[in-house]
Structure formats: C-alpha cells, structure tokens
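Shown next, in structure tokens, is the structure this report addresses.
Here the structure is a predicted model, which is why all the values come from computation and not from measurement. Below, each value reflects all heavy atoms present in this structure, side chains not excepted, and no hydrogens, waters or symmetry copies.
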Amino acid sequence: MKNNSSDKQSWKPGNMLYPVPAVMVSCKRPEEKANIITVAWAGTICSDPAMLSISVRKERYSHDIIEETGEFVVNLVTSELARACDWCGVKSGRDFDKFKEMKLTQYQSEYMDIPAIKESPVNIYCKVRKIERLGSHDMFIAEVMGVTVDSSYMDEKGRFDLAATDLITYSHGEYFALGKKLGKFGYSVQKNVKKRKKKK
C-alpha cells in the first residue's frame, strides 16, 4: 500500500475524537427549578465501580449547580429528542425553564432528588467524586449511583434493547442517528473460529 506523507495535512492541536455521545444532563439546586445542559464531552471511565465523566465550561449556568450539589443525571438522547437536546445546548437555564419550554417531563427516581428526563430511554444518576480543572472545561468525575430505563424497550427475553432506542451522536457540530449494526463485541474472533472449524 502506498504511504505518502503528502496525502496527510498537519493541523494544530484540536478536538477531533468524533463521534461522541450527545447527552442531556439534568441538575438542580434545592428550592430552584431543574435545569438541563447539553454535553458532548462525556464518557465511561471505569466499570467497577461504575463511573463516568462530563466536562463543562466554567461559564455555563449548570457548572456551578453541579459543583455545589455534587450530583447530576445523564440522560441519553434519541432522534426524537434531538431538537430538545440542541435547544438546551444553545439556551441558558438562567433565562429559561428548559423542562417547560421543551415540554419534557421530570422523573423522580429513588436514587437522588435530581430529576431525570422521563422521555429519555436511559437515565444515569451520578455523584461527583472529583473535579479536575483542565482549562476551558472542568471535568466532573462521578460514580454511577443507579440507572433507570424505559420498560417499553425490553425485548421478549426480558433484556433491555438499547439498539432500538434510536440514539444519536454528535460529530464536529452536527447530529447523526446511529447507523447500521456491523457486528458485536468479539465478532472478529468468532468468525475466525467458524472458519477454522470449516477447514477441519
């Protein structure tokens, strides 16, 4: 295969790790209205204990709420919720009641007082364990305290069918629905095993 360095362009450092999940994060101070912030910098960081992180700009209205309360809920976003997700990302909770404006329903779980978004198929309840001051963003490292899922996505075997929820991703300023399934974890090994069996 031809490997010519002229086929590549050199750019200055930038965030090009795409696509990323588009999530709506709900938060709330006691005695105040609940708020929703759209976050693209979110990811899994540990499986035991279950932990994730979100990175939020210091000037965002939700930043101080999350820092003060130490709690937030990550709500996964479907294609149906894409417009609400975008709107919550460009409007400030200082000026709007986002649940009311987007006609979203607050769901109160057993895990914490922070409401989740009922219309979201998966809600992940998080407690902040550490804050990393990184620069433009602060990273909130959090432990997952519990999860609620929409029971309408349970399949005939009683398993949650995440693929059926029609989740979206965010890539370089644009939203995309997830594409076709290419395989499952370990499928490359399984295919090789089948081939070896046929040869025998």
Side-chain angles (χ1 to χ4, degrees), residues 11-78 81-102 104 106-109 111-117 120 122-148 167-176:
W11 292 359
K12 66 180 182 179
N15 293 317
M16 293 299 293
L17 184 61
Y18 288 109
V20 292
V23 299
M24 300 166 76
V25 174
S26 47
C27 55
K28 183 180 183 298
R29 288 191 184 99
E31 310 306 322
E32 291 187 5
K33 71 178 184 295
N35 191 47
I36 302 169
I37 181 175
T38 300
V39 173
W41 310 145
T44 298
I45 56 174
C46 188
S47 57
D48 187 16
M51 298 183 73
L52 57 75
S53 70
I54 61 170
S55 292
V56 183
R57 287 185 178 273
K58 299 175 180 65
E59 60 268 24
R60 298 294 293 272
Y61 175 67
S62 295
H63 177 282
D64 290 348
I65 299 175
I66 295 171
E67 183 168 13
E68 291 171 22
T69 63
E71 295 180 331
F72 60 89
V73 184
V74 173
N75 305 274
L76 300 192
V77 178
T78 63
L81 287 171
R83 182 178 180 277
C85 176
D86 182 68
W87 193 92
C88 289
V90 297
K91 298 293 184 178
S92 174
R94 295 184 183 94
D95 307 315
F96 296 94
D97 181 334
K98 295 184 182 182
F99 273 97
K100 182 179 179 180
E101 294 290 336
M102 290 292 98
L104 296 172
Q106 296 188 30
Y107 176 78
Q108 200 65 52
S109 77
Y111 298 112
M112 57 183 57
D113 292 333
I114 311 298
I117 299 172
S120 170
V122 180
N123 320 102
I124 309 168
Y125 302 84
C126 305
K127 186 172 288 292
V128 177
R129 296 305 185 199
K130 187 178 181 182
I131 303 175
E132 290 285 352
R133 313 293 182 183
L134 301 176
S136 62
H137 291 65
D138 284 346
M139 177 185 285
F140 294 92
I141 297 173
E143 182 175 352
V144 176
M145 309 309 294
V147 178
T148 51
L167 297 178
I168 67 170
T169 63
Y170 178 80
S171 183
H172 213 238
E174 299 176 312
Y175 303 97
F176 296 89

Sidechain-backbone polar pair: Lys58 side chain, Gly135 backbone, donor-acceptor under 3.5 Å
yes
Is there a side-chain contact (heavy atoms from CB on, under 4.5 Å) between Met24 and Leu104? Walk through the geometry before answering.
CA-CA 12 Å; Met24 300 166 76; Leu104 296 172; 3.9 Å; yes
If the condition is side-chain contact (heavy atoms from CB on, under 4.5 Å), which residues does Tyr125 pass it with, not counting sequence neighbours?
Val73, Tyr107, Ser109, Tyr111, Met112, Ala116, Asn123, Thr148
Is it the case that atom NZ in Lys33 sees more than 12 heavy atoms from other parts of the structure closer than 6.0 Å?
yes
Are the side chain of Lys98 and the backbone N or O of Lys91 linked by a donor-acceptor pair below 3.5 Å?
yes
Taking all non-hydrogen atoms of both residues, which atom of Val128 and which atom of Ile131 are closest, and how far apart?
CG1-CG1, 3.9 Å
Any side-chain heavy-atom pair from Leu76 and Pro21 closer than 4.5 angstrom?
no
side-chain contact (heavy atoms from CB on, under 4.5 Å) between Val122 and Leu167: does it pass, once the steps are laid out?
CA-CA 10 Å; Val122 180; Leu167 297 178; over 6 Å; no
Test: Glu67 and Arg133 ion pair at under 4.0 Å
yes
Are Ser136 and Arg57 packed together at the side-chain level, in the sense that at least one heavy-atom pair is separated by less than 4.5 angstrom?
yes
Indicate yes or no: at least one non-hydrogen side-chain atom of Ile36 is less than 4.5 angstrom from one of Phe99.
yes
I'd like to know whether Arg29 forms a side-chain contact (heavy atoms from CB on, under 4.5 Å) with Asp64, so could you lay out the CA-CA distance, the side-chain angles of the two residues, the decisive distance to 0.1 Å, and finally the verdict.
CA-CA 10 Å; Arg29 288 191 184 99; Asp64 290 348; 3.7 Å; yes
So which atom in Val23 and which in Ala42 form the shortest heavy-atom distance, rounded to 0.1 Å?
CG2-CB, 4.0 Å
Walk me through whether Tyr175 and Asp86 qualify under side chain to side chain donor-acceptor pair (under 3.5 Å).
CA-CA 9 Å; Tyr175 303 97; Asp86 182 68; 2.8 Å; yes
Taking Thr38 for the side chain and Cys85 for the main chain, is one N or O donor matched with an acceptor at less than 3.5 Å?
yes
Looking at Gly93 and Asn35, what are the two nearest heavy atoms and their distance?
CA-OD1, 3.2 Å
Please examine the side chains of Phe72 and Ile65, heavy atoms only from C-beta on, and report whether any two atoms are closer than 4.5 Å.
no
Nearest 0.5 angstrom please: Lys127 NZ to Thr69 OG1, how far?
8.5 Å
Pairwise distance CD(Glu32) to SG(Cys27) - rounded to 0.5 angstrom
10.0 Å
Chi angles and distances behind the side-chain contact (heavy atoms from CB on, under 4.5 Å) call for Lys28, Asp113
CA-CA 8 Å; Lys28 183 180 183 298; Asp113 292 333; over 6 Å; no
Mind checking the CG-OG spacing from Leu81 to Ser120? Nearest 0.5 Å is all I need.
6.5 Å
Please round to the nearest 0.5 Å and tell me the distance separating atom OG of Ser92 and atom CZ of Arg60.
8.0 Å
Check this for me: Leu134, atom CG, are more than 12 non-hydrogen atoms of other residues, nucleotides or ligands nearer than 6.0 Å?
yes
Ignoring hydrogens, what is the shortest heavy-atom contact between Ile141 and Ile45? Give both atom names and the distance.
CG2-CD1, 3.5 Å
Nearest 0.5 Å please: distance from the CD1 atom of Ile114 over to the CD atom of Gln106.
10.5 Å
What is the minimum heavy-atom distance between Pro115 and Ser26, and which atoms define it?
O-OG, 2.7 Å
What class does the angle between the rings of Trp41 and Tyr18 fall in, given that below 30° is parallel, 30 to 60° is tilted and above 60° is perpendicular?
tilted
Judged by atom type as modelled, is there a donor-acceptor pair below 3.5 Å linking the side chain of Ser53 to the main-chain atoms of Met139?
no
How long is the span from the CD atom in Glu143 to the CZ atom in Arg129, to the nearest 0.5 Å?
4.5 Å
